[in-house]
Amino acid sequence: MGTTAENPRRITLTPAARRALEAAARLFYERGIHAVGVDLIAAEAGVTKKTLYDRFGSKEQIVVEYLADRDERWRAFLGERLDAAGPDPRVRVLTVFDASHAWARDSSPKGCSMVNAHAEISDPAHPAHPIITGQKQWMLALFTGLAADIAPDEPASLARALMLLHEGALVAHGLGIFPDAIEHAREQARALLG
């Protein structure tokens, strides 16, 4: 099976590679992808540059692993909350906003890592680009599935409105535009759902 947007090339993480990925993830999120070099990642992880290149092959692959890992953790986090939310699609929509609020509080004080990464990686040829856009396409598909049960005649319209509220809230949260952006978006979503 080849590398695709839904199936990026991934590597097997040794303990040293896991330490390097953890250091890279923290540094990329705090400082930005372009601002962090492999020398700093290696130093923070307590490994050599040679180990980084032997394991990952390139900084681009470290970025792929960082974003793919973050995406997998987000999907699992959200999935657990949706499983506990029950079948009511309106409750499930609001659960997405609740999960985003908890995730942002605990894991994303500077905003969505995918949005932040896209600000630096807008080239579709970059191997991490499909991970970034793939997560957002997945979120739209999730909202579309939920909207189909709420507004069967116009699920795409409702899904897009929910997606815009959700993504706008993540950006406003990350930029610190106003307090409680995600909670505000949740209330707007509740009103939209009727």
Side-chain angles (χ1 to χ4, degrees), residues 4-8 10 13 18 21-22 24-26 28-30 63-119 128-194:
T4 65
E6 288 299 312
N7 184 29
R10 303 289 302 275
L13 296 174
R18 172 59 59 194
L21 182 57
E22 289 168 0
R26 180 178 45 76
F28 288 156
Y29 188 76
E30 289 173 0
V63 174
V64 165
E65 296 297 331
Y66 155 62
L67 292 172
D69 179 69
R70 189 113 172 154
D71 181 43
E72 289 167 359
R73 288 187 299 113
W74 162 244
R75 291 184 195 211
F77 182 86
L78 179 56
E80 289 172 6
R81 277 140 188 87
L82 288 172
D83 288 347
D88 184 317
R90 285 174 174 79
V91 170
R92 292 170 66 79
V93 165
L94 297 177
T95 296
V96 174
F97 287 87
D98 293 340
S100 293
H101 177 258
W103 179 268
R105 181 191 63 234
D106 298 340
S107 302
S108 295
K110 295 177 79 171
C112 175
S113 57
M114 298 299 163
V115 171
N116 295 349
H118 190 264
H129 191 269
I131 297 166
I132 297 165
T133 57
Q135 185 192 79
K136 299 311 178 182
Q137 290 164 348
W138 181 81
M139 288 298 299
L140 181 58
L142 173 69
F143 281 128
T144 301
L146 294 170
D149 292 333
I150 298 167
D153 294 335
E154 299 242 4
S157 179
L158 177 58
R160 289 175 183 158
L162 292 169
M163 180 78 171
L164 289 171
L165 281 170
H166 183 261
E167 295 304 310
L170 296 179
V171 171
H173 164 77
L175 295 173
I177 300 299
F178 56 88
D180 304 321
I182 299 170
E183 296 93 329
H184 182 72
R186 181 191 193 278
E187 292 310 307
Q188 294 301 307
R190 181 196 301 276
L192 187 62
L193 296 174

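The analysis underlying the following values was restricted to heavy atoms, covering all of them including side chains, and did not include hydrogens, waters or symmetry mates.
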(Q) Could you check whether R70 makes a cation-pi contact with Y29, meaning its NZ or CZ is under 6.0 Å from the centre of the six-membered ring and within 45° of the ring axis? (A) yes

Q. Taking the side chain as C-beta and beyond, is there a heavy-atom pair between M114 and M139 under 4.5 Å?
A. no

Q. Where do V63 and A128 come nearest, in terms of heavy atoms and distance?
A. CG1-CB, 3.8 Å

Q. How many angstroms lie between atom OH of Y66 and atom CZ of F28, to the nearest 0.5 angstrom?
A. 8.0 Å

Q) How many angstroms lie between atom CG of L165 and atom CZ of F143, to the nearest 0.5 angstrom? A) 8.5 Å

**Q.** Residue pair G134 / R75: nearest heavy atoms and the distance that separates them
**A.** O-NH2, 3.6 Å

Q: Could you tell me whether E187 and R190 have a side-chain N and a carboxylate O separated by less than 4.0 Å?
A: yes

**Q.** Full working for side chain to side chain contact (heavy atoms under 4.5 Å, CB included) between E167 and L170
**A.** CA-CA 5 Å; E167 295 304 310; L170 296 179; 3.9 Å; yes

Q) Would a distance-only check, ignoring hydrogens and angles, find a side-chain to backbone donor-acceptor pair under 3.5 Å from R26 to E22? A) no

(Q) Can you tell me how far apart CG (L146) and CZ (R90) are? Round to the nearest 0.5 Å. (A) 11.0 Å

(Q) So which atom in V91 and which in A85 form the shortest heavy-atom distance, rounded to 0.1 Å? (A) CG1-O, 3.7 Å

Q | Contact summary for A169 and A185, nearest pair of heavy atoms | A | CB-CB, 3.4 Å

Q. In chain order, what residues pass the ring-ring contact (aromatic ring centres under 6.0 Å, His included) check against F97, with sequence neighbours excluded?
A. H166

Q) Hey, does R73 have a side-chain heavy atom less than 4.5 Å from the side chain of D69? A) yes

Q: Check whether any side-chain N or O of R18 sits under 3.5 Å from a backbone N or O of L13 as a donor-acceptor pair, and report yes or no.
A: no

Q | Gap separating the NE2 atom of H184 from the NE2 atom of H101, nearest 0.5 angstrom | A | 14.0 Å

(Q) Could you check whether any side-chain N or O of R92 sits under 3.5 Å from a backbone N or O of P87, counting only pairs where one atom can act as donor and the other as acceptor? (A) no

Q: To the nearest 0.5 Å, tell me how far F77 CZ sits from S107 OG.
A: 6.5 Å

Q: Mark yes or no for whether D71, through its side chain, and I131, through its backbone, hold a donor-acceptor pair below 3.5 Å.
A: no

**Q.** Identified side chain to side chain contact (heavy atoms under 4.5 Å, CB included) partner of I150 from the options V93, D88, L162
**A.** V93

Q | Separation of Q135 CD from C112 SG (nearest 0.5 Å) | A | 5.5 Å

Q: Only pairs at least two apart or in different chains count here, so list each side chain to side chain donor-acceptor pair (under 3.5 Å) that has a residue in residues 141-165.
A: none

Q) How are the rings of H129 and H118 set relative to one another: parallel (under 30°), tilted (30 to 60°) or perpendicular (over 60°)? A) tilted

Q: Please report the shortest heavy-atom distance between P155 and P152, naming the atom on each side.
A: CD-O, 3.4 Å

Q: Compare all side-chain heavy atoms of I177 with those of V171 and state whether any distance is below 4.5 angstrom.
A: no

